[in-house]
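The structure under discussion appears below in the form of structure tokens.
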Amino acid sequence: MGQGRRISAMILIDIFIIWMSILSSYYIRYGVYVPQELLVQAMLYGVVSTILCTYMMSYFKLYNRVWQYASVGELVTIFKAVTMGSLISYIAVYAITFEQITLAIVLRNYETMLLLVGGSRFTWRLVRDQLYKPVTHYKKALIIGAGDCGVLIAKEMTSTPEAKLYPVAFIDDDVNKHNQRILNLPVVGSRGNIVNAVEQLHIDEIIIAIPSLTRKATSEIIELCKETKAKIKIIPKINALIDGSITVKEIRDVEVEDLLGRDPINVDLEGIANYVENKTILVTGAGGSIGSELCRQIAPFLPKQLLLLGHGENSIYLIEMEMKRIFPNLHIESIIADIQDRERINEVFAKFQPEVVFHAAAHKHVPLMERNPAEAIKNNVFGTRNVAEAADRYSCERFVLISSDKAVNPTSIMGTTKRIAEMIIQSLDKTSRTKFVAVRFGNVLGSRGSVIPRFKEQIAMGGPVTVTHPEMIRYFMTIPEAVQLVIQAGAFAQGSEIFILDMGTPVRIVQLAEDLIRFSGFEPYDEIEILFTGVRPGEKLYEELLTNEEGLSSTKHNRIFIGKPVAINQVQLESEIKELEKVLFADRTMLTDELKHIVPTFLNVS
């Protein structure tokens with residue numbers, strides 16, 4: 001039914017209610033034989049009430065409400081509209097006839113009208129609630145959190161057939177709510193009762209509806225939910241609750257990121273602004289997952305100019321369009337350049353004079369670089385040297401290298417090249433006015449080459465999910481989390497430091513695969529198989545964040561630490577890198593021997 005037809009129908013129903021209320025009031029008071037003069041009064045009372053009461057209902061917007069969501073607020077509005085309409089009608093009839101209507105008739109008419117107007121509105125809600133009681137194709141939902149958010153979601157589910165979910169119970173840690181009913185749904189206990197409730201009530205999906213929870217507390221609840229076979233969903237945003245916009249659309253699947261259990265990072269906004277604001281910032285590898293996120297998070301600090309440098313034109317074009325759309329007043333320059341091209345890099349620095357450099361351009365895929373060692377060395381070693389020496393030559397203020405935990409006691413070509421890149425900037429820092437630092441962290445969820453997208457693809461295809469080794473463990477961070485800490489670490493730069501990011505607790509890759517399978521609604525090993533394929537070339541079972549020579553000291557930030565700089569002979573390093581250039585396309589044995597000569601902790605396991 002269209003909006004206009006719906007309002008017309010409601011007005012006609014109200015007019016019918018008004019006349020029925022008035023006529024029934026006279027009938028109850030006088031019986032079938034109402035005196036002739038009072039019949040005239042009744043007709044006049046009906047006409048006046050029809051005009052004034054429908055006007056008051058329109059004034060209080062009773063014709064512009066969605067009654068399937070009616071609540072106490074609507075009851076109050078109905079009370080106001082009917083009360084005002086009845087009172088003014090009574091006064092108007094007296095003003096016209098100078099005769100008072102019997103008080104019993106006025107009161108009975110008011111009571112009847114209030115009951116029928118309110119009843120007509122709430123009947124629609126009751127009918128919908130009955131129509132959309134759970135049937136066989138609906139999934140049963142257990143809502144964790146019987147607070148405002150949980151109640152809003154339960155209301156939305158019961159009144160939205162598109163939701164395909166129907167709430168059957170609440171879980172809440174507030175003991176005062178236990179064994180009580182909210183929206184006619186029972187509160188069946190605290191979080192410790194989740195497993196029993198799922199089994200007893202045959203729950204299909206669990207919805208965590210406590211958006212104010214810390215990430216650690218959310219992670220703990222998810223761990224409890226994982227003991228069941230129910231699919232887990234979550235309400236992520238507290239803002240939606242504040243502005244009253246929560247709907248079933250806010251419900252999303254639980255992601256692996258929710259299991260990390262780390263609260264949002266507190267950043268020193270003033271410290272970051274001091275070295276970024278009104279400066280020319282260069283981000284290499286700006287089209288990659290880390291580089292593009294660096295651009296997004298640097299832009300709000302109002303740099304004078306943001307230089308997006310990358311080798312792939314499509315990825316640079318995409319981040320350029322995104323940045324121009326979100327930050328239309330920001331001066332952006334997109335630069336297509338290969339960091340291996342020394343002359344081109346010098347040309348960029350000479351033209352734009354960047355004051356801060358975030359060097360994120362790198363080859364990072366371990367097995368691929370094992371098969372293409374020369375490319376890893378050209379890009380990660382010689383490319384980094386080109387950018388770092390240009391930063392020194394053109395007197396940049398800071399140079400931040402994005403490094404990797406794979407640089408520590410490396411077992412791969414990629415890890416070794418990243419360690420040499422660290423050594424290059426530490427060596428340069430000794431004689432340069434530029435503050436050279438590196439930031440070292442582990443795997444980034446959702447980045448290119450991450451296991452998560454691959455696992456999701458395999459699950460979507462019905463499996464199997466491939467894991468290299470049952471004991472393989474890795475440190476993980478989200479992309480925004482890692483980049484926030486990188487930018488913060490840049491504020492602490494004094495020169496030559498290697499900043500180590502707190503990666504939290506390492507995660508077993510097989511556990512990651514099992515969680516993703518469960519979150520996708522399947523049972524690992526039963527519905528989706530997990531195959532172990534063996535450790536790939538260059539991989540090790542666990543990663544480290546510090547070499548044996550590096551100590552660990554704290555910074556002002558509780559998630560950022562500093563590895564003590566290792567003494568590096570600049571002349572010797574330059575000589576060794578020249579030797580590396582000579583054997584770049586020699587046989588693999590000569591190449592790995594030279595790498596091991598530069599990085600003695602390199603253990604070639606290929």
Side-chain angles (χ1 to χ4, degrees), residues 1-132 151-152 155 158-159 183-184 244:
M1 186 184 291
Q3 179 76 358
R5 292 176 64 189
R6 186 181 71 85
I7 291 174
S8 298
M10 291 181 72
I11 292 173
L12 288 174
I13 290 170
D14 286 341
I15 292 172
F16 173 77
I17 289 171
I18 290 166
W19 278 97
M20 189 175 71
S21 300
I22 290 173
L23 294 176
S24 65
S25 298
Y26 276 89
Y27 173 78
I28 292 170
R29 175 66 178 82
Y30 295 105
V32 177
Y33 302 104
V34 180
Q36 185 65 34
E37 65 274 12
L38 292 181
L39 275 176
V40 175
Q41 183 191 67
M43 292 300 106
L44 179 62
Y45 191 19
V47 171
V48 171
S49 293
T50 297
I51 296 169
L52 294 176
C53 287
T54 52
Y55 172 77
M56 294 309 298
M57 291 178 195
S58 176
Y59 177 79
F60 283 101
K61 295 183 171 50
L62 291 184
Y63 300 123
N64 302 98
R65 293 175 184 264
V66 182
W67 290 99
Q68 70 191 68
Y69 303 115
S71 61
V72 175
E74 278 69 30
L75 277 176
V76 172
T77 305
I78 290 170
F79 173 78
K80 290 178 181 178
V82 173
T83 301
M84 292 293 292
S86 298
L87 182 61
I88 296 172
S89 297
Y90 170 75
I91 295 171
V93 171
Y94 177 76
I96 294 170
T97 63
F98 295 104
E99 293 181 3
Q100 289 187 341
I101 303 172
T102 304
L103 189 59
I105 292 175
V106 173
L107 291 176
R108 189 171 287 114
N109 172 56
Y110 171 68
E111 291 170 355
T112 306
M113 196 185 305
L114 191 63
L115 179 64
L116 293 179
V117 170
S120 66
R121 266 66 174 177
F122 280 84
T123 296
W124 174 236
R125 175 174 174 176
L126 291 172
V127 168
R128 283 187 62 89
D129 286 351
Q130 291 301 317
L131 283 175
Y132 297 115
V151 171
L152 283 171
K155 277 185 179 180
T158 54
S159 59
L183 299 178
N184 204 31

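These values consider heavy atoms only, across backbone and side chains, with no hydrogens, waters or symmetry-generated copies. If you're wondering where the values come from, they're calculated on a predicted model, not measured in any experiment. Start at 1 with the first residue, then count along the sequence.
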field: Close side-chain approach of Val82 to Met57, heavy-atom, < 4.5 Å
entry: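 They are in contact (side-chain heavy atoms under 4.5 Å apart), so the answer is yes.
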query: Got Ile22 and Met43 here, is their nearest side-chain heavy-atom distance under 4.5 Å?
result: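 No, side chains not in contact.
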message: My understanding is that only one of Thr97, Leu103, Ile105 makes a side chain to side chain contact (heavy atoms under 4.5 Å, CB included) with Ile101; could you say which?
response: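 The single option meeting the side chain to side chain contact (heavy atoms under 4.5 Å, CB included) with Ile101 is Ile105.
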Provide the closest heavy-atom pair for [X] versus [Y] in the form atom of the first, atom of the second, distance.
{"X": "Tyr26", "Y": "Gln41", "answer": "OH-OE1, 2.7 Å"}
{"X": "Met10", "Y": "Leu62", "answer": "CE-O, 3.7 Å"}
{"X": "Tyr110", "Y": "Ser86", "answer": "CD1-OG, 3.7 Å"}

Inter-residue atom distance [X].[atom1] - [Y].[atom2], 0.5 Å rounding:
{"X": "Lys80", "Y": "Tyr59", "atom1": "NZ", "atom2": "OH", "result": "10.0 Å"}
{"X": "Met56", "Y": "Asp14", "atom1": "CE", "atom2": "CG", "result": "13.5 Å"}
{"X": "Ser21", "Y": "Glu111", "atom1": "OG", "atom2": "CD", "result": "10.5 Å"}
{"X": "Ile11", "Y": "Ser58", "atom1": "CD1", "atom2": "OG", "result": "7.0 Å"}
{"X": "Ile18", "Y": "Thr112", "atom1": "CD1", "atom2": "OG1", "result": "12.5 Å"}
{"X": "Met113", "Y": "Ile17", "atom1": "CE", "atom2": "CD1", "result": "9.0 Å"}

Could you give the side-chain donor-acceptor pairs of residues 47-54 under 3.5 Å, partners two or more places apart or in another chain?
residue	atom	partner	partner atom	Å
Ser49	OG	Tyr45	O	2.9
Thr50	OG1	Trp19	NE1	3.0
Thr50	OG1	Gly46	O	2.7
Thr54	OG1	Thr50	O	2.4
Thr54	OG1	Ile51	O	3.2

- prompt: Can you check whether Asn109's main-chain N or O pairs, donor with acceptor, with Ser25's side chain at less than 3.5 Å?
  reply: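 Here the side-chain-to-backbone pair exists.
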- prompt: Does Met20 CE have over 12 foreign heavy atoms under 6.0 Å away?
  reply: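 Correct, the count exceeds 12.
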